[in-house]
Amino acid sequence: MRRGNALDMVVEAVSVMEFDGSYDAGKGSVLNLFGEVEQDAGIMFGKDLSVGAVAAVRHVINTIRLARLVMEKTDHVLIVGDGAEELAKQFNLWVPSTELINENKINRYNSLIRSLRTRYERNTELARRFSLMGTVGAVALDRDGNLAAATSTGGTILKWPGRVGDSPLPGAGYWAENGVCAVSATGIGEFIIRAMASLRVANLVRDGVSIGDAVRQVVDYVTKLFGPGNIGLIAIDKVGNVASAFNTEVMGRAWSREDMGRVVIAHFAADQFP
Ligand code: ASP
């Protein structure tokens, strides 16, 4: 936070989580129906509404950095599959599959696939529970008033190959707009896309709703439409108010400010946040 701008902050925060391996992003990305990793990520800078995103990327750990490259080094917003892999190779972000797929993941995949054949219903439930909270995201405000948002994911476990979720889609998985707010989403991408959840939060804030009320209202709206257990949001407004809301049991989240000298971490809805 002492160097760089809001964009650098969200990239650094998401990169740490992509490298960690315990989230459904980067190294920890879950496997799709064919036992492969396919990641989506998107980033947005509120100063000029610039956006960069990638989808169905198979050989990258720092997928958010690849999204940033799309934003800063190409004329495009979203690059998928082989084209994204080629870009990763040119900027030294490409890694072999062995860096992303380990024995644990293969065992979990095999047991899910086995149970799929006999108990489809229960397995779907299980897959949901495993994959729901894994996506990583960050939002930030810098001293110049710039807002930024970044979201990175391995997607939902056992997804159809080529399936793209909300995380690389601006307005759905993230949004950042100076003078308004920055938002990042997690949950079941199909619902988040249909609700345009992140842009919906920004629209409410632009109309004068507080950031806390806005994220709550959008989560309630999604719950009403599609039921519980499918969305979580983090957000920050133009003056640095931080908020989160979710309709799942748990959502890990943390926040800090330059003058605080510490990071506040929360998991359950009842935990104090911010
Ligand atoms: N939103 C992500 C997706 O649907 C998954 C997640 O948040 O865990 O791809």
Side-chain angles (χ1 to χ4, degrees), residues 10 13-14 17-18 20-34 36-44 53-58 60 63-64 66-67 78 80-81 84 100 105 108-109 112 124-139 149-175 183-201 215 218-219 221-223 225-235 244-254 267:
V10 294
V14 168
M17 295 187 278
E18 286 174 334
D20 187 83
S22 32
Y23 305 95
D24 176 20
K27 261 191 192 167
S29 295
V30 297
L31 302 184
N32 68 16
L33 199 55
F34 291 1
E36 291 160 345
V37 163
E38 280 189 347
Q39 299 170 68
D40 303 336
I43 188 162
M44 184 162 182
V54 291
V57 171
R58 290 170 56 184
V60 175
T63 314
I64 202 65
L66 189 58
L78 172 61
V80 308
L100 290 151
K105 282 193 202 178
R108 193 167 120 200
Y109 169 81
L112 279 176
T124 309
E125 202 40 54
L126 204 60
R128 266 193 190 175
R129 218 182 326 139
F130 274 137
S131 64
L132 198 62
M133 301 318 298
T135 290
V136 302
V139 291
T151 306
S152 179
T153 188
T156 46
I157 199 164
L158 301 188
K159 65 184 178 181
W160 193 263
R163 175 266 191 189
V164 175
D166 59 304
S167 309
L169 305 181
Y174 58 99
W175 188 258
V183 188
S184 173
T186 180
I188 302 199
E190 285 72 11
F191 296 141
I192 298 170
I193 295 169
R194 287 161 68 190
M196 273 287 133
S198 295
L199 181 59
R200 197 171 284 274
V201 171
V215 290
V218 171
V219 167
Y221 173 73
V222 169
T223 309
L225 280 177
F226 307 117
N230 51 28
I231 186 167
L233 298 168
I234 55 167
S244 67
F246 47 99
N247 65 4
T248 52
E249 259 174 65
V250 190
M251 184 174 79
R253 55 213 193 276
H267 294 94

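Predicted, not measured: the structure shown is a model, and the values here were computed from it. For ligands, and for the atoms within them, numbers begin at 1 and follow the listed sequence.
Of all heavy-atom pairs spanning Ala150 and Ser184, the tightest one is O-OG, 3.5 Å. Between Ala138 and Ala13, the shortest heavy-atom contact is CB-CB, 3.9 Å.
Considering both main-chain and side-chain atoms, Asp40 never comes within under 3.5 Å of ligand 1 through any nitrogen or oxygen pair. Remark: ligand 1 and Thr186 share an N or O pair separated by less than 3.5 Å (distance only, no angle test). Considering backbone and side-chain N/O of Gly189, one or more are found under 3.5 Å from N/O of ligand 1. No N or O atom of Ala185 sits closer than 3.5 Å to an N or O atom of ligand 1. Of the N or O atoms in Glu190, none lie within a sub-3.5 Å distance of an N or O in ligand 1. For the pair Thr135 and ligand 1, the shortest N or O to N or O distance falls below 3.5 Å.
Atoms of ligand 1 lying under 4.0 Å from at least one heavy atom of Gly155, given by number and element, are 9 (O). Less than 4.0 angstrom separates some heavy atom of Asp166 from each of these atoms of ligand 1: 1 (N), 2 (C), 3 (C), 4 (O).
No side-chain heavy atom of Thr186 sits under 4.5 Å from any side-chain heavy atom of Thr151. Ile192 places none of its side-chain heavy atoms less than 4.5 Å from the side chain of Val222. A heavy-atom distance below 4.5 Å is not found between the side chains of Asp166 and Tyr174.
Heavy atoms of Lys159 stay at 4.0 angstrom or farther from ligand 1.
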With side chain to side chain contact (heavy atoms under 4.5 Å, CB included) as the test, would you mind laying out the steps for Val37 and Arg58 before giving the verdict? CA-CA 5 Å; Val37 163; Arg58 290 170 56 184; 5.6 Å; no
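When non-hydrogen atoms are compared, ligand 1 lies under 4.0 Å from the side chain of Arg163 (C-beta onward) but not from its backbone.
Exactly one residue among Leu100, Thr153, Val54 makes a side chain to side chain contact (heavy atoms under 4.5 Å, CB included) with Gln39. That residue is Leu100.
Between Arg163 and Glu38 there is no salt bridge, since no side-chain nitrogen of the basic residue lies less than 4.0 Å from a carboxylate oxygen of the acidic one.
Of the candidates Gly173, Gly187, Ala197, Ser152, Gly187 brings a heavy atom nearest to atom 2 (C) of ligand 1.
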